[in-house]
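I have placed the structure first, in the form of structure tokens, so that the comments after it can refer back to it.
The structure displayed is predicted, hence computed values, not measured ones. What you see below is based on every heavy atom in this structure, not just the backbone, and it leaves out hydrogens, waters and symmetry mates.
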Amino acid sequence: MFAKDIGIDLGTANVLIHVKGKGIVLNEPSVVALDKNTGKVLAVGEEARRMVGRTPGNIVATRPLKDGVIADFDVTEAMLKHFINKLNVKGFLSKPRILICCPTNITSVEQKAIREAAEKSGGKKIYLEEEPKVAAIGAGMDIFNPTGNMVVDIGGGTTDVAVLSMGDIVTSQSIKMAGDKFDHEILNYIKKEYKLLIGERTAEDIKVNIGTVFSETLDEDRKEMSIRGRDMVSGLPRTITVTSTEIEGALRESVAVIVQAAKNVLEKTPPELSADIIDRGVILTGGGALLHGMDTLLAEELKVPVLIAENPMDCVAIGTGLMLENIDKISRRSII
């Protein structure tokens, strides 16, 4: 009868939706397939993802979010509307309250775009919260005490690094270096090294299956993978084998940017909170936390313990769920 409150992790790679009282009910790729001629939405989510790089000329599979913010407003709105309608969370006469997460350094214009997209897709009242804060809550960190907690959230479009205390962000940095850029680096490496063209899907498969970022762990578990693509010279299909050692080399520069961002945040952290971080460690969340060796590399570089959250990809969505439980407290001091 009444509308249910929902929390949305509006990610560049995936959209996760948490319905109050039910948990995470939707986890689908943020991809929309459109007919270019009519502008009609043909598929959304997993169905559309399967079409990426495999569509005829009049159909285009796009990702409406880029680097953590909305790149195509109308398509984002259509995608959110599709997901919310699919869940059937609207009441007979009421609309759901929606809590959405966004990167830490987005502009007020980008915030307004996210809010409007949520309103048009059927939300009554929209709350915006910063991603690393929600990820920290979802990872089980107690950020409401006067102690320092550090979280590194590596998503699809952005990496957010933040130190939290007393329920808010003390210092933070958001950089546009994350999962998508890793895929791009792998794609470029294969193109340069082997003169072979591969698609985004293949690059992502390589990252997930044999990707690693820490060279010292490679000796004992070096992996290889056969991949297929189009030869740039002959124009014909060809198969090659790549190793995890090569992928580590391809990702080295990108990962160094994330390490540097974490160092910058630690340098700006008040000394008392820095002391807490040595005791409590740094928590890694987001899909990038699953990249082999990421925790070891950060621990080595930052000289503090680094732990991977229990369900790194779900942390933000779980966090929105916990915040929805206390939405009335949040609404008093919400940034909206």
Side-chain angles (χ1 to χ4, degrees), residues 1-52 55 58-66 68-102 110-129 131 134 138 155-157 313-314 316-325 327 330-331 334 336:
M1 185 73 186
F2 292 107
K4 297 177 176 74
D5 293 338
I6 61 174
I8 301 176
D9 172 12
L10 191 63
T12 311
N14 293 288
V15 173
L16 282 84
I17 297 185
H18 186 292
V19 174
K20 192 174 176 181
K22 286 187 180 176
I24 297 171
V25 290
L26 184 132
N27 179 356
E28 294 216 23
S30 358
V31 184
V32 179
L34 296 164
D35 186 323
K36 272 205 295 202
N37 303 337
T38 60
K40 189 167 170 269
V41 174
L42 300 174
V44 179
E46 186 54 53
E47 197 186 336
R49 191 184 94 94
R50 288 200 292 269
M51 297 181 187
V52 173
T55 56
N58 65 319
I59 297 171
V60 57
T62 64
R63 294 170 71 173
L65 292 131
K66 200 166 170 47
V69 292
I70 295 175
D72 189 321
F73 184 82
D74 295 333
V75 178
T76 305
E77 189 197 315
M79 178 176 76
L80 276 178
K81 208 172 258 178
H82 173 89
F83 288 148
I84 290 170
N85 289 343
K86 192 174 170 180
L87 298 178
N88 197 18
V89 285
K90 292 180 185 172
F92 178 53
L93 290 168
S94 58
K95 290 176 171 180
R97 291 185 294 182
I98 298 177
L99 176 78
I100 289 199
C101 304
C102 58
E110 289 164 341
Q111 279 188 17
K112 192 164 180 261
I114 291 175
R115 199 174 311 151
E116 276 182 21
E119 271 170 9
K120 287 192 173 175
S121 58
K124 177 179 75 171
K125 198 163 185 196
I126 313 300
Y127 303 94
L128 279 189
E129 273 296 354
E131 224 157 272
V134 182
M313 290 187 77
D314 300 344
V316 176
I318 294 167
T320 60
L322 293 168
M323 292 186 94
L324 285 171
E325 300 294 325
I327 194 125
I330 295 165
S331 57
S334 173
I336 288 183

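Taking the side chain to side chain contact (heavy atoms under 4.5 Å, CB included) definition, one finds that K112 meets it with E116, sequence neighbours left out. Legend: residues meeting salt bridge (charged side-chain N to carboxylate O under 4.0 Å, His left out) with K66, ordered by chain and number and at least two apart, are absent. The side chain to side chain contact (heavy atoms under 4.5 Å, CB included) check on V69 picks up I106, E110, with sequence neighbours excluded. Annotation: side chain to side chain contact (heavy atoms under 4.5 Å, CB included) contacts of K124 (sequence neighbours excluded): K95, R97.
T12 contributes a side-chain N or O that, together with a main-chain N or O of G68, makes up a donor-acceptor pair within less than 3.5 Å.
Annotation for A117 and T76: closest pair CB-CG2, 4.5 Å, computed over non-hydrogen atoms. Across all their heavy atoms, S121 and I84 have their closest contact at OG-CD1, 3.7 Å. Residues A61 and V31 come closest through the heavy atom pair CB-CG1, 4.3 Å. Of all the heavy atoms in E77 and K120, the pair that sits closest is OE1-CD, 3.3 Å. In this structure, G122 and P96 approach most closely via the heavy-atom pair O-CD, 3.2 Å. In plain terms, the two heavy atoms of L34 and L42 that are nearest each other are C-CD1, 4.2 Å.
Pairs passing the salt bridge (Lys or Arg N to Asp or Glu O under 4.0 Å) check and including a residue from residues 30-42, sequence neighbours excluded, do not occur. Pairs of residues two or more places apart, or lying in two chains, that qualify as side-chain hydrogen bond (donor to acceptor under 3.5 Å, both in side chains) and include a residue from residues 25-34 are E28-K86.
A distance of 7.5 Å separates OH of Y127 from CG of D5, quoted to the nearest 0.5 Å. Rounding to the nearest 0.5 Å gives a distance of 4.0 Å between CG of D314 and CD1 of I24. Annotation: the span from L80 atom CG to I114 atom CD1 amounts to 10.0 Å, rounded to 0.5 Å. Separation of atoms CG (L128) and CD1 (I100) is listed at 6.5 Å; rounding is to 0.5 Å. Summarising the geometry, atom CG belonging to L26 is positioned 10.0 Å from atom CG belonging to N14; distances are rounded to the nearest 0.5 Å. Considering CD of E119 and CD1 of I126, their distance stands at 5.0 Å, rounded to 0.5 Å.
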Next item on the list: Would you please test L99 and V134 for side-chain contact (heavy atoms from CB on, under 4.5 Å) and show each step?
Entry: CA-CA 10 Å; L99 176 78; V134 182; 5.6 Å; no
Checklist line | Stepwise side-chain contact (heavy atoms from CB on, under 4.5 Å) test for M79 and L65 | finding: CA-CA 11 Å; M79 178 176 76; L65 292 131; 3.8 Å; yes
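Evaluated for a side chain to side chain contact (heavy atoms under 4.5 Å, CB included) with I8, the options L16, I17, T320, V316 yield exactly one hit, I17.
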Show me the side-chain donor-acceptor pairs of residues 43-50 shorter than 3.5 Å, one per line, residues at least two apart or across chains.
none

